[in-house]
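To start, the structure under review is shown below, and the notes come after it.
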Amino acid sequence: MSTKKSLTMLSLILVLAMLISACGSPAATPAPAATQAPAATEAPAATEAPAPPAASGSNIICVIVPPVENPFFGAMQQIAADKAEELGYTTLRLNHGDDANKQMELFESCIAQKAAAIILDNAGADASVAAVQKAKDAGIPTFLVDREITAEGVAAAQIVSNNYQGATILAEYFAQQMGEEGDYVELTGRDTDTNAHVRSQGYHDVLDQLPNMKMVAQQTANWSQTEALTVMESILQANPNIKGVIAGNDTMALGAQAALIAAGRPDVIVMGFDGSDDAIQSIGQGELKATSLQPVAEMAIQAAMQADQFIKTGSTGKPEKQSIDMVLLTADNYCQYKTFAPTGSTEACPQPVSAAPAAASGSNMICVIVPPVENPFFGAMQEIAANKAEELGYTTLRLNHGDDANKQMELFESCIAQKAAAIILDNAGADASVAAVQKAKDAGIPTFLVDREITAEGVAAAQIVSNNYQGATILAEYFAQQMGEEGDYVELTGRDTDTNAHVRSQGYHDVLDQLPNMKMVAQQTANWSQTEALTVMESILQANPNIKGVIAGNDTMALGAQAALIAAGRPDVIVMGFDGSDDAIQSIGQGELKATSLQPVAEMAIQAAMQADQFIKTGSTGKPEKQSIDMVLLTADNYCQYKTFAPTGSTEACPQP
């Protein structure tokens, strides 16, 4: 087992390093589909020994990105953090939500913890300069990836894709597929993001030269799949005869594609930008026609390696601004790339085939709606359920309600308007979600609840949940054992509107309250958030410096608490989480977290998709509405036997932390 440190929020990404190319100029003629990543000089080999403490006095590298519901940012964070951990650093994975004020708060927290370096995909070219300068003034270098800032000499490095080149090769292929004629729509990204403007300029430098191609609408969808779906519905009503859509990223392209399929217009040519696995899968299914692949793996790896070099020597040995060329992915080469990197395969790709059963509602789409996927539990839930539904022949629309019942209702109304065949939901509140589920039922659309129940029965087609109480009691028993049944401890609880938060807490206390020598000195919510848990734990630790243990309502809060304790020089505190995420499993293997209760996410998600399929075809699941699945305690004895919320099948003894 590696000695790398991890206080992570995402998982499941296997990285194959790409090679950096020289910055190329835009092609003058339509580019053929590329089959290889651009060539360049090799990056310096990584040092195998763990990195020494940084000059700042800390060994933490903060990796801060926009919302990880976009798989591009999730992959960027995962790959950069994994590389930093391989080099011997502890990482703190944070999300600024495309909010410059929140980004500044995260920078201030990293500065307070004397981080060795910060890797950043920023929240605005102008708005981010102050935060990067503040870190520099504190002696902490920042390594920008993907998005540049408007100032030079402030960041240690700005490592970006050649967005202009990527936009021109995509626009050339778009024009070719359009036959250089017809009406098209452009969906643009967030206005504060330089990349949105660079990509749009690249598109227009090609398309504006073609007199028979007419842009009938240009509108922002702010990088959002949900917003792109709504925008596309509106544009389509005003322009029913459009022939193509070119989008500033893949998530917007996928949202537009969902709207077009729901409207009976799968013939419209849609292309995205980023090269996400979701876009690659869509190309393989004959939906999206192309995407420009950003070399995320290379950017992220270079950021971590250059941070390590700078920490050790005071220099990266490279220019501040570094640009890497992009690759066009089409039906000819889509299968040769995964996780924003080449797989190494040169085999011909299966040609796209789109086949699916007709749903009773008149649509073949299943909506999969979950809370924020920055929590890897929800990300895995959505990914597994959607993948299973797609395997069964359905189109899926992956949505995020942000734990906001009002937004959840809006998403339900959108799915109802598109006559979805079914909805799979990890809900935004036990009481507050009943109305949305009932509304879908009234429209003839069944809802399949996973993970979180609602307070009404007979409304959802199924409620498939973990046995949270049983999982809490087995964790509490192990927590008490590791504490020697004595000492002061802290409990971090989940979101108050979530039934699971209360059930888990009750399970903990039904065990721990029986032990007279164990004293809970603080109980506070961190709302399921790693960032919030870090802040809460810092505050609690100041008031209670002698705590012996922390038991948390989920893994992300446990990992946030662990980060605060390590930064405060208290790695001896016993910390346990709940969910069984890969991040928690990795932390157990490194001797940090001591245990977690594994939720059978894979089984719940797969069952939801299979039961939805059964219901659509027969009108019944053949199972009771409420279904509960027992949990498993993961410790240093068995952590290596589980991955992605499921057993690996291995029974080998685990390396001891």
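The figures here come from the full heavy-atom set of this structure, side chains too, leaving out hydrogens, waters and symmetry mates. Positions are given from 1 along the sequence.
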What I want to check is whether the side chains of [X] and [Y] have a donor and an acceptor closer together than 3.5 Å.
X      : Y      : value
His401 : Asn406 : no
Ser200 : Glu186 : yes
Gln281 : Asp277 : no
Thr396 : Glu390 : yes
Gln418 : Ser414 : yes
Glu287 : Ser282 : yes
Gln408 : Ser433 : yes
Ser224 : Asn222 : no

Please report the shortest heavy-atom distance between [X] and [Y], naming the atom on each side.
X      : Y      : result
Ala432 : Ala405 : CB-CB, 3.5 Å
Ala171 : Leu207 : O-CD2, 3.6 Å
Arg199 : Asn249 : NH1-CB, 4.2 Å
Thr343 : Cys335 : OG1-O, 4.2 Å
Leu293 : Phe340 : CD1-CA, 3.8 Å
Thr194 : Ala125 : OG1-CB, 3.1 Å

Item to complete: Give the C-alpha distance, both sets of side-chain angles, the deciding distance and a yes or no for side-chain hydrogen bond (donor to acceptor under 3.5 Å, both in side chains) between Glu625 and Gln463.
Response: CA-CA 6 Å; Glu625 177 185 339; Gln463 301 194 52; 2.8 Å; yes
Practice prompt. Apply the test side chain to side chain contact (heavy atoms under 4.5 Å, CB included) to residues Lys623 and Gln614: give CA-CA distance (whole Å), side-chain angles for both, the deciding distance (0.1 Å), then the verdict.
Written response: CA-CA 10 Å; Lys623 296 179 182 290; Gln614 178 75 4; over 6 Å; no
Heavy-atom side-chain contact between [X] and [Y] under 4.5 Å:
X      : Y      : result
Ile169 : Ser292 : yes
Asp451 : Val465 : no
Val245 : Val268 : yes
Lys388 : Asp613 : no
Ile384 : Ile606 : yes
Tyr164 : Tyr203 : no
Ile366 : Thr395 : no
Met604 : Gln627 : no

To the nearest 0.5 angstrom, please state how far the [atom1] atom of [X] sits from the [atom2] atom of [Y].
X      : Y      : atom1 : atom2 : value
Phe448 : Gln607 : CZ    : CD    : 11.5 Å
Ile416 : Ile423 : CD1   : CD1   : 6.0 Å
Ile119 : Ile79  : CD1   : CD1   : 11.5 Å
Leu120 : Ile64  : CG    : CD1   : 6.0 Å
Ile445 : Cys367 : CD1   : SG    : 7.5 Å
Met252 : Gln219 : CE    : CD    : 11.0 Å

Quick check: does any side chain N or O of [X] sit under 3.5 Å from a backbone N or O of [Y], one acting as donor and the other as acceptor?
X      : Y      : answer
Thr251 : Trp223 : yes
Asp183 : Asn241 : no
Asn387 : Glu383 : yes
Gln382 : Leu399 : yes
Ser345 : Glu347 : yes
Lys289 : Thr330 : no
Gln336 : Gly344 : no
Tyr334 : Pro350 : yes
Thr220 : Thr188 : yes
Thr339 : Ala341 : no

Worksheet entry | Steps toward side chain to side chain contact (heavy atoms under 4.5 Å, CB included) verdict (Asp205, Gln201) | CA-CA 6 Å; Asp205 283 353; Gln201 186 64 52; 2.7 Å; yes
Fill in: Residues that Asp426 engages under salt bridge (Lys or Arg N to Asp or Glu O under 4.0 Å), provided they are two or more places apart
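Salt bridge (Lys or Arg N to Asp or Glu O under 4.0 Å) list for Asp426, sorted by chain: Arg452.
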Practice prompt. Please assess Lys441 against Val437 for the test side chain to side chain contact (heavy atoms under 4.5 Å, CB included), listing each intermediate value before the final yes or no.
Written response: CA-CA 6 Å; Lys441 183 181 181 183; Val437 179; 5.7 Å; no
Item to complete: Not counting sequence neighbours, which residues clear side-chain hydrogen bond (donor to acceptor under 3.5 Å, both in side chains) with Asp250? List them please.
Response: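 By the side-chain hydrogen bond (donor to acceptor under 3.5 Å, both in side chains) rule, Asp250 matches Ser276, Thr291.
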Worksheet item: When you look at Leu288 and Met271, which way does the side chain to side chain contact (heavy atoms under 4.5 Å, CB included) test go after all the steps?
Response: CA-CA 6 Å; Leu288 295 191; Met271 298 188 187; over 6 Å; no
Discussion item. Do the side chains of Arg398 and Asp278 get close enough for a salt bridge, i.e. N-O under 4.0 angstrom?
Written reply: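 Between Asp278 and Arg398 there is a salt bridge, with a charged N closer than 4.0 Å to a carboxylate O.
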Discussion item. Does this structure show an ion pair linking Glu410 with Lys407, if we count only N-O contacts that are shorter than 4.0 Å?
Written reply: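 Salt bridge between Glu410 and Lys407, a charged N being under 4.0 Å from a carboxylate O: no.
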Worksheet item: What is the ring orientation for His204 with Tyr184, classed by angle as parallel under 30°, tilted 30 to 60°, or perpendicular over 60°?
Response: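 Correct class here is tilted.
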Practice prompt. Could you tell me whether Met215 atom CE has more than 12 heavy atoms of other residues or ligands within 6.0 Å of it?
Written response: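 More than 12 heavy atoms, drawn from other residues, nucleotides or ligands, come within 6.0 Å of this atom.
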